[in-house]
Trainee: 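Pasting a structure here, questions to come.
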Amino acid sequence: MRIGYPCVNESLDCTSTSTFRLASYSDERVELAVGNNLACLQRILVWNVAQHLLFFRIGSGIVPFGSHPINTFPWQTRFAAEFRSVGDYIKANSMRVSFHPDQFVVLNSPDAGIVERSVQELVYQGSMLDLMGLDSTHKLQIHVGGLYGDRELAISRFIATYHTLPEAVRARLVIENDDRLFSLQDCLRVHAAVGIPILFDNFHHECLNHGEPMAEALRLAAATWHPTRDGVMMMDYSSQALGERRGKHTASLEEDLFQGFIAELGDLDVDIMLEIKDKEASAGRACGILRNLGRIVAAQTV
DNA sequence: GATGGTCAAGGTTAT
DNA sequence: ATAACCTTGACCATC
């Protein structure tokens, strides 16, 4: 079991997703930004290892405009050594990483242009995993997409597009149950059609479900991960921010709720991404709880 | 140096 | 039809 947090480390004075505006695009700025972003990513990973946090979601903005046609800078070759070095560090420390392309990636859109741009974004993010030399246990995480007033059509469009994806993307793509549109059951139907693993989000499941108890839902999702090809199930963990809009993530880990959730896990092995506002602070607390329970062993140091 | 409007990309829901 | 929301920082023009 690994514990992680997404994209940003608030303890370090660097960012791995620095960018600039499209209007001020230049190759020089791309080169500068990617160099800085990869250096910061490496610092974050070292920091994480020291804290026994071996799971990390890499931000989508490592390469500014990484899938935009304006960006013709050959960052893949210019930074091949740096990407390889990051990947080597990840492997040497038994870490696992993921990407979560954001809301603009919609594979089931009825608009062919949106689908094309979405595929290009997935190709870009998958190519970073290739450059790092990381296998298909490191994932690209997206949602099923929009509803467009017809759930059946929306699901069938996702399936049709999935079949057209490049292998480098398809081998790594996983779908996450969301909190309003596509439930775990919907994701299971997509899985039954194409075999894609389901990245389970406990909080989204609490917001949208068909009565499956948490322990059962966890096992249904876990069964969609192929042990060698995909690795153990990845999941997102969060809980409701008290007094806030339904679906809003808590500002910091509610330890009693987390302990209760761990009990639901039983002996299931998963890697948990804490989608909690205070990032590595809560991830560290969660990691401490699991170490006290004997569910995590200390990371080996290199 | 500080400030506040703005930033590639989509979709849903409320008004 | 239009705006707010998701989520969020940080870029950048302006003062």
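Convention: sequence-line order gives letters A, B, ...; per-chain numbering from 1. Side-chain atoms are counted along with the backbone in the values below, which use heavy atoms only and exclude waters and symmetry mates. Bear in mind that the values here come from a model prediction, so they are computed numbers and not experimental data.
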Trainee: With respect to the phosphate group of C/dA10, does any side-chain polar atom (N or O) of A/T17 fall under 4.0 Å of OP1 or OP2?
Mentor: no
Trainee: Report the nucleotide, chosen from B/dG10, C/dT8, B/dT13, that has the shortest atom-to-atom distance to any side-chain atom of A/L181.
Mentor: B/dT13
Trainee: Heavy atoms under 4.0 Å, any strand shown: does A/Y148 hit a base, just sugar-phosphate, or nothing?
Mentor: sugar-phosphate
Trainee: Rounded to whole Å, how long is the line connecting atom CZ of A/F158 with atom P of B/dG11?
Mentor: 14 Å
Trainee: Measure CG/A/D178 against P/C/dC6 and give the value in whole Å, please.
Mentor: 15 Å
Trainee: Checking contacts here: which listed nucleotide (B/dA8, C/dC11, B/dG10) is nearest the side-chain heavy atoms of A/R29?
Mentor: C/dC11
Trainee: With respect to the phosphate group of C/dA4, does any side-chain polar atom (N or O) of A/R245 fall under 4.0 Å of OP1 or OP2?
Mentor: no
Trainee: When both hydrogen-bonding distances must be under 3.5 Å and the geometry is Watson-Crick or G-U wobble, what is C/dT8 paired with, if anything?
Mentor: none
Trainee: Could you work out the separation of C/dT7 and B/dT3 based on their P atoms and round it to a whole Å?
Mentor: 28 Å
Trainee: Any sub-3.5 Å donor-acceptor pair from A/N48's side-chain atoms to A/L54's backbone N or O?
Mentor: no
Trainee: With the side chain of A/Q103 defined as its heavy atoms from C-beta on, choose the nearest nucleotide among C/dA10, B/dA9, B/dG10.
Mentor: B/dG10
Trainee: Do side-chain atoms of A/T137 reach the backbone of A/D230 as a donor and acceptor pair under 3.5 angstrom?
Mentor: no
Trainee: What is the distance, to the nearest angstrom, from the NE2 atom on A/H68 to the C1' atom on B/dA8?
Mentor: 5 Å
Trainee: Between A/K279 (side chain) and A/I276 (backbone), is there a donor-acceptor pair under 3.5 Å?
Mentor: no
Trainee: Can you tell me whether the side chain of A/R21 and the base of C/dC11 have a donor-acceptor pair closer than 3.5 Å?
Mentor: yes
Trainee: In this structure, how many angstroms lie between the C1' atom of B/dT6 and the CZ atom of A/F20, rounded?
Mentor: 16 Å
Trainee: Could you check which nucleotide pairs with B/dA8 in any of the strands shown, counting Watson-Crick or G-U wobble with both distances under 3.5 Å?
Mentor: none
Trainee: What are the two closest heavy atoms between A/L199 and A/M234, and how far apart are they?
Mentor: CG-O, 3.4 Å
Trainee: Rounded off to whole Å, could you give me the OH-to-P distance for the A/Y124 and B/dA9 pair?
Mentor: 16 Å
Trainee: Tell me which nucleotide, if any, is Watson-Crick or G-U wobble paired with B/dA2 when both distances must be under 3.5 Å.
Mentor: C/dT14
Trainee: Stacking between A/F104 and B/dG10, defined as ring centres under 5.5 angstrom apart with planes under 30°, is that present or not?
Mentor: no
Trainee: Given 3.5 Å as the limit, does a donor-acceptor pair link the side chain of A/R157 with the main chain of A/N108, or not?
Mentor: yes
Trainee: Distance check, P atoms only: B/dA8 and C/dC12, in whole angstrom units.
Mentor: 10 Å
Trainee: Please classify the nucleic acid contact of A/S118 as base, sugar-phosphate, or nothing, using heavy-atom distances under 4.0 Å.
Mentor: nothing
Trainee: In whole Å, measure the gap between the P atoms of C/dT8 and B/dA2 for me.
Mentor: 26 Å
Trainee: Measure from NZ or CZ of A/R151 to the centre of the six-membered ring of A/F182, then state whether that distance is under 6.0 Å and the direction lies within 45° of the axis.
Mentor: yes
Trainee: Could you tell me how far C/dG9 sits from B/dT12 if I compare only their C1' atoms? Round to whole Å.
Mentor: 24 Å
Trainee: In whole Å, what separates the P atom of C/dA1 from that of B/dA9?
Mentor: 22 Å
Trainee: In whole Å, what is the span from the CD atom of A/E10 to the C1' atom of C/dT7?
Mentor: 13 Å
Trainee: Return the value, rounded to whole Å, for the distance between atom CG of A/D111 and atom C1' of B/dG10.
Mentor: 10 Å
Trainee: Consider the side chain of A/R180, meaning its heavy atoms from C-beta on, and name the nucleotide among B/dA8, C/dC11, B/dT12 that approaches it most closely.
Mentor: B/dT12
Trainee: Grab the CG-P distance between A/D102 and C/dC5 for me, whole Å please.
Mentor: 19 Å
